[in-house]
Amino acid sequence: MNSETQPTDKYDAAKRERDRHVQEILVSSARKKVVVAGPGTGKTYLFKKVLVDKQSSLTLTFVNALVEDLSLDLYGMSEVRTLHSFARSLLARLGKKQAINIFPKLSGLIRSDLALLAAQDVDFDRVFYSRDDDNEHIEFYKRRTKYYDDSYGYSDIVFAAVKFLEEHPETIPSYEQIVVDEFQDFNQLEVSLIDLLSQRSPILLAGDDDQALYEFKSASAKHIRDRHDGHDSEYERFNLPLCSRCTRVVVDAANDVVAAAMKNNLLTGRIAKPYQYFDDEEKDKESLRFSSISYAQKFAAQIPWFIGSQLAEVAASIKGTFSVLIISPTKVQSRTVAKALKRKGFRNVEFVEKDEERDPTLLDGLRVLLKDEKSNLGWRIAADFLMKRPDFKATLERSNREDAPPFCDLVSSECKKHAKRMLAVLRKVRDDKPIGEDDIGLLEEIGIEPHKMTLDVLSDELNIGNQSVGNPGLRKLSIRATTIQGSKGLSADVVFITHFDDLYFLSRPGTSDKDVCSFLVALTRARKKVFLISSQRKEPLFLKWISGDRISFA
């Protein structure tokens, strides 16, 4: 074989192999399919092929960011929904309601109600997610949701939809095709909904048990493993093994980590599957240019400076625009790095902080009241902050009686007056009207710091002229800073993993499967180059798990 034709043959063979895996899925007549797909192995491409020419299809996931990306990628091909959004539309249609109220923190609020009224602590999300249908406290939950304007939270609306479909199977909707993404992060409740839908529609589950992150919502990789490896599984199983996202060194490093984890008795029960670099001419050039993962030890305060210096070197190598993702273990670390980069003159730094609080805030309650000034839910939340504890508890007890009056009729006149003053200020802010000094005091009481917000904006404006970034092109680089969980579904040309230390990346007392999965997710976001930055002198465990010839020290 002529040496000049060998690369072409290699690339053609790789494409044929990739197409073979996709075609196996497409030509299968099985109504139930499970596809194990590692990072960057072409799930979205597969979804497009599966959904093409389908008149009615549904794509389900549970991460809002993934919904946005999939909605764009599958635009005009499929309805793309989160599970709670789908459950909401289903209940609205079946109940012939125009709208269903959703308050994401409802389960935490009713948990607080039960603690105050009966001195019992019940995690209602866990009750619903684990299908503890006979739990004695569900009736209390239902009574409170009815009183709170017939509202739902994220977990109980899926629970309500599942219970309705189980009791009325004839109402289960049917589609030409259903696609479910990130199935490794589904819990028992969500799996129950998928199992019901699969009774009437062909279904394709896609996921990767090496990327399971969401234990906090009782999710388990067991569900995808059972459907893939279970002896009595009704699902035909497939694999997408070829990674076209990452350079060769990143794919090899990910395999190093998996092998070391299994050697250390982690990832027990893992689905055995290949994860391979996709031979591609352009990717080979990138793999040659970025042939190692860079590791550095820097004090936490030096990390933004180090990132800036490395971006200049990458830019000199790429000689064109590229995207940047900075992944940190915590929100505080992520926010700190993002702010420091802005101060250094990087103008296009995005940091989106998710609201992960389970407990409602005063602002949450006032937002509800801005939409409906008589809302029981809104007044209950506001009263919790504006009344003295004994008075609030007595009011809550009266609201729990049969035929209780509206909550606004139960709160003190002083509380009601104070809340209405706050609402008036928020309306001014919403309608972009001027506010006075008294208004500022009320905003600060609500938890809004207008002076600080103004100073932050001013700080950004003043730093636009900062000359720390010598190359004007670098100032406009698209940089996104987030946490490991926040990086799910994202990718970028260059990835910096900061605070890469056992203190932040390992559980106590020992390393867990989630630790391994979290690092794998962070590592495989990179299309070209990865930087690992420790903030302590001790060499981290995961670095030792990667073959030394893949690491360069920066």
Side-chain angles (χ1 to χ4, degrees), residues 1-19 21 37-42 45 210 240-260 274-296 306-327 471 473-474 477-480 487 490-498 500 519-533 542-554:
M1 184 182 290
N2 190 303
S3 60
E4 291 183 2
T5 63
Q6 284 180 0
T8 302
D9 289 346
K10 177 179 74 170
Y11 301 140
D12 287 345
K15 288 176 183 176
R16 287 195 298 272
E17 179 67 4
R18 181 178 61 182
D19 290 343
H21 285 285
T41 54
Y45 175 78
D210 290 341
L240 293 180
L242 297 172
C243 174
S244 56
R245 172 196 296 165
C246 307
T247 48
R248 187 183 297 276
V249 70
V250 174
V251 173
D252 290 344
N255 283 317
D256 288 346
V257 171
V258 169
Y275 183 55
Q276 302 164 346
Y277 170 76
F278 176 68
D279 288 310
D280 173 82
E281 185 173 7
E282 204 54 46
K283 212 69 198 174
D284 275 1
K285 291 176 184 176
E286 291 175 356
S287 294
L288 191 61
R289 185 184 302 164
F290 302 109
S291 59
S292 66
I293 293 171
S294 293
Y295 173 72
F306 177 76
I307 290 173
S309 66
Q310 297 307 304
L311 285 175
E313 291 188 20
V314 171
S317 176
I318 292 179
K319 294 182 174 59
T321 187
F322 57 94
S323 56
V324 181
L325 181 62
I326 302 171
I327 303 174
N471 187 330
L474 292 180
L477 274 177
S478 173
I479 301 174
R480 178 179 289 189
S487 73
L490 303 178
S491 64
D493 295 317
V494 181
V495 170
F496 293 87
I497 301 176
T498 76
F500 180 57
F519 178 54
L520 286 171
V521 166
L523 181 67
T524 56
R525 299 308 93 195
R527 291 195 287 265
K528 291 181 171 61
K529 177 70 177 175
V530 177
F531 291 87
L532 306 174
I533 313 171
F542 288 147
L543 185 71
K544 298 174 185 175
W545 284 8
I546 299 173
S547 178
D549 59 359
R550 309 193 209 287
I551 304 296
S552 61
F553 291 82

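What's counted below: heavy atoms across the whole structure, side chains too, no hydrogens, waters or symmetry copies. None of these values were measured; they are calculated from a predicted model.
Closest approach of F322 and A315 over heavy atoms only: CE2-CA, 3.6 Å. In terms of heavy atoms, V495 sits closest to A522 at CG1-O, 4.0 Å. Residue L242 comes nearest to A14 through the heavy atom pair CD1-O, 3.9 Å, listed as atom of the first residue, atom of the second, then distance. Scanning both residues, I551 and S292, for their nearest heavy atoms gives C-CB, 4.4 Å. Nearest approach of Y275 to A254, heavy atoms of both residues: CE2-CB, 4.1 Å. The minimum heavy-atom distance linking C243 with C246 is given by the pair SG-N, 3.4 Å.
Between I533 and I307 there is a side-chain heavy-atom pair separated by less than 4.5 Å. Side-chain contact between I318 and K528 is present, with at least one heavy-atom pair separated by less than 4.5 Å. Contact check for I479 versus L311: side-chain heavy atoms found under the 4.5 Å cut-off. For the pair R289/S317, a side-chain contact is recorded, criterion being any heavy-atom separation below 4.5 Å from C-beta on. Counting heavy atoms from C-beta outward, D493 and V314 have side chains that stay 4.5 Å or more apart. You'll find the side chain of F519 reaches within 4.5 Å of the side chain of L532, heavy atoms only. With a 4.5 Å cut-off on side-chain heavy atoms, Y45 and L240 do not count as touching. Counting heavy atoms from C-beta outward, F290 and V494 have side chains that stay 4.5 Å or more apart.
At least one donor-acceptor pair closer than 3.5 Å links the side chain of R525 to the backbone N or O of L490. Put simply, the side chain of R245 never gets that close to the backbone of P39: no donor and acceptor are under 3.5 Å apart. No donor-acceptor pair closer than 3.5 Å links the side chain of S287 to the backbone N or O of T247.
The distance from atom OG of S478 to atom CG of L325, rounded to the nearest 0.5 Å, is 9.5 Å. In this structure, Q310 CD and K529 NZ are separated by 8.0 Å, a value rounded to the nearest 0.5 Å. Rounded to the nearest 0.5 angstrom, F496 CZ and I327 CD1 are separated by 11.5 Å. In this structure, CZ in F542 is found 10.5 Å from CG in L523, a value given to the nearest 0.5 Å.
No side-chain donor-acceptor contact under 3.5 Å links S323 and R480. For the residue pair K283/S244, the side-chain donor-acceptor check at 3.5 Å is not satisfied.
Only one option out of R248, R16, K15 pairs with D279 in a salt bridge (charged side-chain N to carboxylate O under 4.0 Å, His left out); it is R248. Considering V530, L543, D252 as possible partners of I293, the one that fulfils the side-chain contact (heavy atoms from CB on, under 4.5 Å) test is V530.
For the side-chain hydrogen bond (donor to acceptor under 3.5 Å, both in side chains) test, residues two or more places apart in sequence or in another chain that qualify with D284 are K10, Y11, Y277.
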